[in-house]
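Worksheet: one structure, shown below.
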Amino acid sequence: MIEVCKGTNLSVFLQRIKQKEEMENKKPIVLNNLEEWDFTDYIDSLIQKEEAVDLEFKIAKDGLPNSLWDTYSSFANTDGGVIILGVKEYKQQFIIEGLTKEQISQYKKDFWNQINNPDCVNENLLSDNDLYEGCYKGKNLLLIYVPRATRIQRPIYRTRNPFGGHTFKRNHEGDYKCTDAEVKRLIADSDENHPRDSRILCNYSIEDIDKETLTQYRQLFANLKPSHPWLSLNDLEFLTKLEAYRKDRHTKEEGFTLAGILMFGKTESITDPECAPNYFPDYREHLGADDSIRWSDRICPDGTWEANLFQFYRKVYPKLTVILPKPFQIRNGIRIDETPTHIAIREAFINTLIHCDFSEEGNIVVEQWVDKYRFKNPGTMLVSKTQYYSGGDSVCRNKALQKMFMLIGFSEKAGSGVNKIIKGWREANWQKPYVEELNRPDKVELTLPMISLLPDDAVIKLKELFDGKIEKLTQDELTALVTCYSENEINNTQLQYVVPQHRSDITKMLKKLCNEGFLIAEGNGRGTKYHINESEGKFETLEDKVESSENNMESSESNMESSESNMESSESNMESLKSNMESSKQNKQRMTFEELQALIISLSQDYISIEEIATKVHKTPKYLINFIIPRMLQNGTIERLYPGIPNHPKQKYKATNKNFNKQ
C-alpha cells in the first residue's frame with residue numbers, strides 16, 4: 001500500500017490528475033475512487049502507458065537533470081503532465097531504480113530553489129502539493145505534477161528570454177523548442193486586452209467590403225431585432241458598432257479591423273499579406289459510396305463567390321445538417337425548431353471560425369462523413385481540456401467575430417457552446433465528442449462521432465424482454481442496459497466511457513438496475529460484472545421445457561457416441577498442437593515487420609480485437625500494441641474503431657487497404 005512521506009498530500013496530487021484525465025474523455029491513468037487508489041497500482045499503470053504527451057520518466061541519478069526544466073516548460077505550455085524521477089528507460093523498457101531518502105530531500109530543496117530563480121525559468125506554477133514522494137516496491141520515487149499554464153501566464157520559458165529556443169512545447173516525441181514565431185503567437189494570445197481580430201489593417205477602405213454580404217447580414221439582423229436602433233445607421237456606422245471598423249484612442253489610428261474584413265470582405269482583400277494570407281476555408285463532404293473519390297462535394301474559394309466567413313457559414317451549414325434525423329427549417333431567414341443536434345453542429349462550426357488563429361499556417365477545414373463530423377482550425381486551445389469539457393469559461397481568440405455571429409443568433413458569449421455540443425450528441429445517443437491539439441503547425445480538431453450508443457435493434461429487444469418497463473429508465477440507465485445487452489456483460493470501468501458519471505454514481509445506478517430486476521451482478525468489488533436478467537423477461541412455456549428436455553436427452557446419446565471418437569482423435573490433436581507451437585516459434589523468429597503488417601491487414605478487413613490478431617499471428621498482444629500497431633497507425637494501414645480513445649476496453653482495428661508497400 002501507500003507509503004506517504006512527511007509533508008506530502010497524495011489525495012490532492014492524485015485528485016488533480018484524476019480530474020484532468022476524466023475531463024479529457026480518455027481512459028483514466030488511475031482509479032477513479034480515491035479510497036481505492038494504491039501508489040503501486042498507480043505507478044504500474046504509468047509504466048504500462050509509457051512516456052506520452054503528458055508523462056515523462058527521468059532517472060535523476062546524479063542530481064536534478066537539466067532537461068527537467070525543458071519538460072516543465074513544455075508541459076506548462078501544452079496541457080500539463082507528470083514527471084517521475086527515479087525511473088530509467090532501457091531499450092523501450094522502464095526500470096525502477098529509485099532514489100535514496102537523502103537524494104529526494106536534496107532534490108526537493110534544489111527544485112524549489114531553481115523554480116523560483118528567473119535565470120532558470122520565468123515563472124513558478126507549482127505549490128507544495130504538486131510534489132509527491134512515494135514508495136514503489138521498496139524504491140522511493142519523486143513525482144512532480146506540472147499544470148497547464150493559463151492563457152495569461154504563457155509562455156513559460158527557460159532563462160529570462162522566451163526567444164532563441166528557450167520556450168518548449170510537448171508532442172508525442174517529447175519536448176521540442178518553439179520557433180520565435182510560435183513564441184510570438186503565445187505572447188499575442190496572452191494579451192486579453194487586445195484580441196487578435198481587433199487589429200486595424202492599413203490602407204483598407206469600404207471598397208474592400210462585399211456589399212452583398214453586408215446587405216444579407218443587415219437583413220438577418222433586422223429580422224432578429226426589428227426595433228434595434230442600429231438599423232437606422234449607415235453602413236460605416238453599423239460596421240463600427242460591430243467592431244468591423246474602429247478608432248484607436250491612444251494612437252488615433254482608425255480603419256477596418258481584421259474581424260471586419262474576415263466577416264464581410266472580398267476574397268482578395270482577405271488573402272492580402274496585410275490581412276490573412278493563409279486564409280482558405282474548406283468544406284469537404286465524404287458521403288458518396290465510391291471510396292476512390294476523395295469527396296462527394298467540396299466548398300472552398302474558387303473564384304465563383306466571395307469567400308468571407310459569413311458566406312462560408314451560409315453555404316456550408318445547410319450541408320452539415322441535411323443528413324440529420326430532423327430537417328432544418330427556416331422562416332423569414334430565421335432559424336426555428338432546432339433540435340439539440342442541430343444546435344451542437346452550429347456551435348461546433350461557429351467555434352471553429354471564432355477560435356481560429358488566422359496568423360498560423362493551415363486552413364479552416366470542415367469535414368463530413370456518414371458516421372462523423374470533424375472541425376479543424378489553426379491555432380491552440382486557450383483553455384485546458386479540463387476547462388473545455390467543463391464549459392462555462394468564455395475565452396475567445398476573436399471576440400469581434402464572436403460578437404458578429406452572436407448578434408444574428410449564431411453564437412453565445414456565455415461559454416455554453418461546448419455544453420450544447422455534448423448535450424446535443426448525448427440526446428442523439430451518439431458517442432461523446434472529443435477534441436485534440438496537434439502541433440507543427442498548431443491545430444485544434446473536434447470530432448463528433450455519429451455512432452449510436454443505443455442501437456434500435458437492441459432497444460426493441462429490451463422492450464420486448466421487459467414488457468415496456470424500460471420506458472421509465474433514465475437515459476444513463478437505458479444506455480447501461482443497452483451496452484450490457486450488446487456486449488453480453490458490463491462492468492463499472494466500461495460504463496465510464498459511455499456514461500458521464502463518477503465511478504461511485506455508476507455503481508449506485510447498476511445496483512438500482514439490479515434491484516429493479518433488469519441486471520444480475522456476479523462477483524465482488526472492482527471485479528463485479530453485470531448481465532441482463534433474461535429470466536425477468538419472457539419465460540419458457542411448459543411445452544418449450546418438455547421439448548427442450550427431449551432434445552437434451554437426444555443430445556446426450558449423441559454425445560456418448562462421439563466421446564469415443566474424441567478420445568481417438570486426442571492423440572492426433574496433441575501432435576497437431578505440437579506442430580503449431582513449432583510453427584509459432586518459427587513465425588516469432590522469422591517474420592519481418594512488412595510480412596507481419598501484410599498478415600495483419602489480411603486478417604483485419606473487418607474490425608478485430610488485438611487479442612484475436614495476436615492469436616492468429618502467433619504474437620503476444622503486448623508486443624503488437626507496443627511495437628507493431630503504432631507503426632501501422634502511423635503508416636495509415638490500419639485504423640481504430642475508437643480513434644479518440646486509444647485505450648478503450650473494446651478497442652478494435654481495421655485495415656484501411658492503403659498501399660503499405662509504398663510506406
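- In this structure a side-chain-to-backbone donor-acceptor pair under 3.5 Å is present from H166 to F163.
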Check the pair T213, N308 against side chain to side chain donor-acceptor pair (under 3.5 Å), reporting the backbone distance first and the verdict last.
-> CA-CA 8 Å; T213 297; N308 52 54; 3.1 Å; yes
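- V444 and G379 make their closest contact through CG2-O, 3.5 Å (heavy atoms, listed as atom of the first residue, atom of the second, distance).
- Between the side chains of E274 and Y204, no donor-acceptor pair is found at a separation under 3.5 Å.
- Using a 4.0 Å cut-off between charged nitrogen and carboxylate oxygen, K184 and E182 do not count as a salt-bridge pair.
- Comment: D70 does not engage K177 in a salt bridge, judged by the lack of any side-chain N to carboxylate O separation of less than 4.0 angstrom.
- Note that CG of L236 is 12.0 Å distant from NZ of K241, once rounded to the nearest 0.5 Å.
- Residue D297 forms a salt bridge (charged side-chain N to carboxylate O under 4.0 Å, His left out) with just one option from K315, R284, K319, and that option is K319.
- Between the side chains of N161 and T159, no donor-acceptor pair is found at a separation under 3.5 Å.
- Nearest heavy-atom pair, L401 versus L309, reported as atom, atom and distance to 0.1 Å: CD1-CD1, 3.8 Å.
- Side-chain contact between Y317 and H342: present, with at least one pair of heavy atoms (C-beta onward) separated by less than 4.5 Å.
- Considering every non-hydrogen atom in both R374 and K372, the closest pair reads NH2-NZ, 3.7 Å.
- Taking all atoms of both residues into account, the shortest heavy-atom contact from T167 to P155 is CG2-CB, 3.9 Å.
- With contacts defined as side-chain heavy-atom distances shorter than 4.5 Å, the pair L239/I206 qualifies.
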Give the intermediate values and the outcome of side chain to side chain donor-acceptor pair (under 3.5 Å) for residues Q219 and N223.
-> CA-CA 6 Å; Q219 185 60 54; N223 291 340; 3.0 Å; yes
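- Between the side chain of E360 and the backbone N or O of D357 there is no donor-acceptor pair closer than 3.5 Å.
- Atom OG in S269 sits 8.0 Å away from atom CD1 in I209 (nearest 0.5 Å).
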Do F312 and F349 pass the ring-ring contact (aromatic ring centres under 6.0 Å, His included) test, and can you show the C-alpha distance, the side-chain angles, and the key distance before you say yes or no?
-> CA-CA 11 Å; F312 182 64; F349 190 12; 5.8 Å; yes
Side chain to side chain donor-acceptor pair (under 3.5 Å) between N129 and S127, intermediate numbers included | CA-CA 5 Å; N129 290 329; S127 64; 4.9 Å; no
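- The residues D189 and R154 are annotated as not salt-bridged, no charged nitrogen and carboxylate oxygen being separated by less than 4.0 angstrom.
- Under the 30°/60° scheme for interplanar angles, the aromatic rings of Y217 and F221 are found to lie parallel.
- Salt-bridge check for K443 with E436: failed, with every basic side-chain N at 4.0 Å or more from each acidic carboxylate O.
- In this pair, W69 and F111 present their aromatic rings parallel. The plane angle is below 30°, not in the 30 to 60° band.
- Within a 6.0 Å sphere centred on NZ of K225, heavy atoms belonging to other residues, nucleotides or ligands number more than 12.
- Closest of all the heavy-atom pairs between F168 and C178 is C-SG, 3.8 Å.
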With side chain to side chain donor-acceptor pair (under 3.5 Å) as the test, would you mind laying out the steps for T240 and R246 before giving the verdict?
-> CA-CA 6 Å; T240 301; R246 79 177 181 90; over 6 Å; no
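- The number of heavy atoms from other shown groups lying within 6.0 Å of CD (E361) does not exceed 12.
- The side-chain tip of R218 points at the ring of F238 from less than 6.0 angstrom away and within 45° of straight on.
- Counting heavy atoms from C-beta on, the side chains of L446 and T352 never come closer than 4.5 Å.
- No cation-pi contact links K432 to W425, judged by a cut-off of 6.0 Å to the six-membered ring centre and 45° from its axis.
- At a threshold of 4.0 Å, the pair D210-K266 does not count as salt-bridged, since none of the basic side-chain nitrogens sits closer than that to a carboxylate oxygen.
- When all heavy atoms of D208 and N203 are compared, the pair lying nearest together is OD2-O, 4.4 Å.
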